[in-house]
Amino acid sequence: MEIHELMVILGPTATGKTALAVKAARALNAEIVSADSRQIYRGLDIGTGKDLSEYSQGGTAVPYHLIDFLNPGETYNTFQFKADATEVIREIGSRNKLPLVCGGTGLYIESLLLDYHFSSANRQEDFRREAEHMDNSVLARQIEVLGGTLSNEDKANRHRLIRKLEVLLFSEEKKEMRESLKIEKLHVFGIELPREIIRRRITDRLIIRLEHGMVEEVKSLLDDGVSPKWLDALGLEYRFVSRYLKKQMSYQEMFSQLETAIHQFAKRQSTWFRRMEKRGIKINWIDGQVDDMEKMEFIMETVDFNCHG
RNA sequence: GGCGUCGUAGCUCAGUAGGUAGAGCAGCGGACUGAAAAUCCGUGUGUCACUGGUUCAAUUCCAGUCGAUGCCA
């Protein structure tokens, strides 16, 4: 069964995406597909702002997908996300419900909407182990020898250098089979707030998260044997709190550096959404400062949903 | 009260042997196709505290004022 209709709610962190998505899902008989690269993990709750009770607040429970389905320490990536989300979205559609993608991971959302096709090269762990000992200029030279091109940004970007070389070395010529969604009606909504307000909300929220046991959450992950390296690679809360717990920084330093890092993250998210618009995705921006009722009215009058309910 | 030190970008500070100034961080913009809350790139004009003086020319020297700080009373 083909997908006919898809809705998306996106926005930077701390703009109230989930609460709005739950309301929209009720009104439109939808199910939520999370596009959040960190809420996929069990046990990462306070630091990711994961609150599963939100999906049942104020009415019947709204089904959600792609949250809480991996254990900490497991790896995941955009390629996996696109495959998983495609399958889930298709399945929701087959039950004649509306799939509602909600999240702040720009790359994940774009991979779906722009139907990314990925190289057939899987991660090559042996290659990556070797590549660890090569510095950037060596990687860049090899890429150029193999006919790859690099932008200035790429030349200093280790992750990208390694993947590019991996693709050049290991992709196979045969066309990668890929699953694409046929989206006939797409409604993308973005929640918009002045940067200043986002920053204030982030700071307030950080204080609350710390009061609600964020440090203890990270500590218990470490106690359960989750590697500090993995936590560090997650960034933000898990990075800075685990560094604090390892006594690499004071509580004050942890707080202020983390605060700054989240502010910067929100900015990077906005850059993603602007890029999506430049690439042709129409985003209907919702004023984040009005209440959810008004936001819902905007959603309802912006699009007409006639085949769900 | 006396003596000294300091007052330069949002913050911490450098500097100008007199020709109106520069780093780190923050901020801002951007990149992104198998780690994306990751990773990376670009971007620095500000009454050089205020008021006078010396000088062709003062943020730089001198005096005073205000503010901060230290020591002595």
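Chain letters run A, B, ... following the sequence lines, proteins first, then strands; residues in each count from 1.
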*Going by an N to O cut-off under 4.0 Å, is there a salt bridge joining A:Asp204 and A:Arg201?*
no
*Between B:C48 and B:G22, how far apart are the C1' atoms? Round to whole Å, please.*
12 Å
*Electrostatic pair A:Glu110:A:Arg279 at N-O distance under 4.0 angstrom*: yes
*Rounding to a whole Å, what distance do you find between A:Ile162:CD1 and B:C40:C1'?*
13 Å
*Protein-nucleotide distance (A:Ile202, atom CD1; B:G27, atom P), rounded to Å*: 10 Å
*Integer angstrom distance from the C1' of B:G46 to that of B:U59*: 11 Å
*Salt bridge or not for A:Glu196 and A:Arg200, using N-O below 4.0 Å?*
no
*State which of B:U33, B:G34, B:C40 makes the closest approach to the side chain of A:Arg163.*
B:G34
*Dot-bracket for RNA chain B, 5' to 3', with Watson-Crick and G-U pairs under 3.5 Å, [ ] for crossing pairs and | for other-strand pairs: what is it?*
(((((((..((((.....[..)))).(((((.......))))).....(((((..]....)))))))))))).
_Whether A:Glu166 and A:Lys164 form a salt bridge (side-chain N of Lys/Arg under 4.0 Å from carboxylate O of Asp/Glu) is what I want to check._
no
*Determine the interatomic distance between P on B:U54 and the same-named atom on B:U69; round to the nearest Å.*
35 Å
*So does A:Lys267 reach the base of B:G29 with its side chain, donor to acceptor, closer than 3.5 Å?*
yes
*Is it true that A:Glu277 and A:Lys282 make a salt bridge, defined as a side-chain N closer than 4.0 Å to a carboxylate O?*
no
*Grab the CZ-C1' distance between A:Arg195 and B:C28 for me, whole Å please.*
8 Å
*Is there a stack between A:Phe118 and B:G34, judged by ring centres under 5.5 Å and planes under 30°?*
no
_Give me the distance, rounded to whole Å, that separates B:A58 from B:G18 when you measure between the P atoms they each carry._
13 Å
*asked:* If I pick the C1' atom on B:G53 and the same atom on B:G15, what distance separates them, to the nearest angstrom?
replied: 25 Å
*asked:* Is any side-chain heavy atom of A:His263 closer than 4.5 Å to one of A:Ile202?
replied: yes
*Proximity to the side chain of A:Arg268 - top-ranked nucleotide from B:A38, B:G27, B:C40*: B:A38
*Rounded to the Å, how far apart are A:Leu44 CG and B:A35 P?*
18 Å
*Measure the distance from CZ on A:Phe265 to C1' on B:G27 and round it to the nearest whole Å.*
18 Å
*From the options B:G27, B:C41, B:G34, select the nucleotide whose nearest atom is closest to the side chain of A:Ala156.*
B:C41
*Using the P atom as the reference point in each nucleotide, state the distance between B:U33 and B:U39 in Å, no decimals.*
15 Å
*Under 4.0 Å between any heavy atoms, over every strand shown, what does A:Ser111 touch: base, sugar-phosphate, or nothing? Just pick one.*
nothing
*Mark yes or no for whether A:Lys50, through its side chain, and A:Tyr41, through its backbone, hold a donor-acceptor pair below 3.5 Å.*
yes
*If you check the A:Glu153 side chain, which of B:A31, B:A36, B:G34 turns out closest?*
B:A31
_Per A:Arg239 side chain, nearest of listed nucleotides B:U39, B:G34, B:C41_ = B:U39
*Please work out if A:Asn122 contacts a base, only the sugar-phosphate, or nothing of the nucleic acid, heavy-atom cut-off 4.0 Å.*
base
*With rounding to whole Å, what would you report as the distance between B:A21 and B:G44 at their P atoms?*
14 Å
*Of the nucleotides B:A38, B:A31, B:G29, which one has an atom closest to the side chain of A:Arg274?*
B:G29
_Need to verify one output field. Residue with the more 5' nearest nucleotide on RNA chain B, A:Asp154 or A:Glu110?_
A:Glu110
*Over how many whole Å does the gap from A:Leu236 atom CG to B:A35 atom P extend?*
18 Å
_Quick check for you: among B:C28, B:A35, B:A26, whose closest atom lies nearest to any side-chain atom of A:Gln264?_
B:A26
*Ion pair present between A:Glu31 and A:Arg95, side-chain N to carboxylate O less than 4.0 angstrom?*
yes
*Check whether any side-chain nitrogen or oxygen of A:Lys164 sits under 4.0 Å from OP1 or OP2 of B:U39, and answer yes or no.*
no
*For the side chain of A:Thr260, starting at C-beta, report the closest nucleotide among B:C41, B:G27, B:A36.*
B:G27
*Give one of base, sugar-phosphate or nothing for A:Phe81, where a contact means two heavy atoms less than 4.0 Å apart.*
nothing
*May I ask you to check whether A:Tyr76 and A:Phe81 place their ring centres under 6.0 Å from each other?*
no
*Can you tell me how far P in B:C56 sits from the matching atom in B:A14, rounded to whole Å?*
33 Å
*So, is A:Tyr76 close to the B:A35 phosphate, meaning a side-chain N or O under 4.0 Å from OP1 or OP2?*
no
*Considering heavy-atom distances to RNA chain B, does A:Glu166 or A:Ala261 have its closest nucleotide positioned more toward the 5' end?*
A:Glu166
_Are B:A38 and A:His159 stacked, with the base six-membered ring and the side-chain ring centres under 5.5 Å apart and planes under 30°?_
no
*Kindly point out which of B:G27, B:A35, B:C40 is positioned nearest to the side chain of A:Arg199?*
B:G27
*What is the nucleic acid contact for A:Lys229, judged by heavy atoms within less than 4.0 Å: base, sugar-phosphate only, or nothing?*
nothing
*Could you check how far CD of A:Gln269 sits from P of B:C28, rounded to whole Å?*
14 Å
_Side-chain N or O of A:Arg38 versus OP1/OP2 of B:A36: is the shortest distance under 4.0 Å?_
yes
*Using whole Å, report how far CG of A:Asp115 lies from P of B:G34.*
15 Å
*OP1 or OP2 of B:A35 less than 4.0 angstrom from a side-chain nitrogen or oxygen of A:Thr75, does that happen here?*
no
*Identify which nucleotide among B:A36, B:G27, B:G30 has an atom closest to any side-chain atom of A:His263, counting heavy atoms from C-beta outward.*
B:G27
*Distance under 6.0 Å and angle within 45° of the ring axis: does A:Arg268 meet both against A:Phe265?*
no
_Do the side chains of A:Lys295 and A:Asp291 get close enough for a salt bridge, i.e. N-O under 4.0 angstrom?_
no
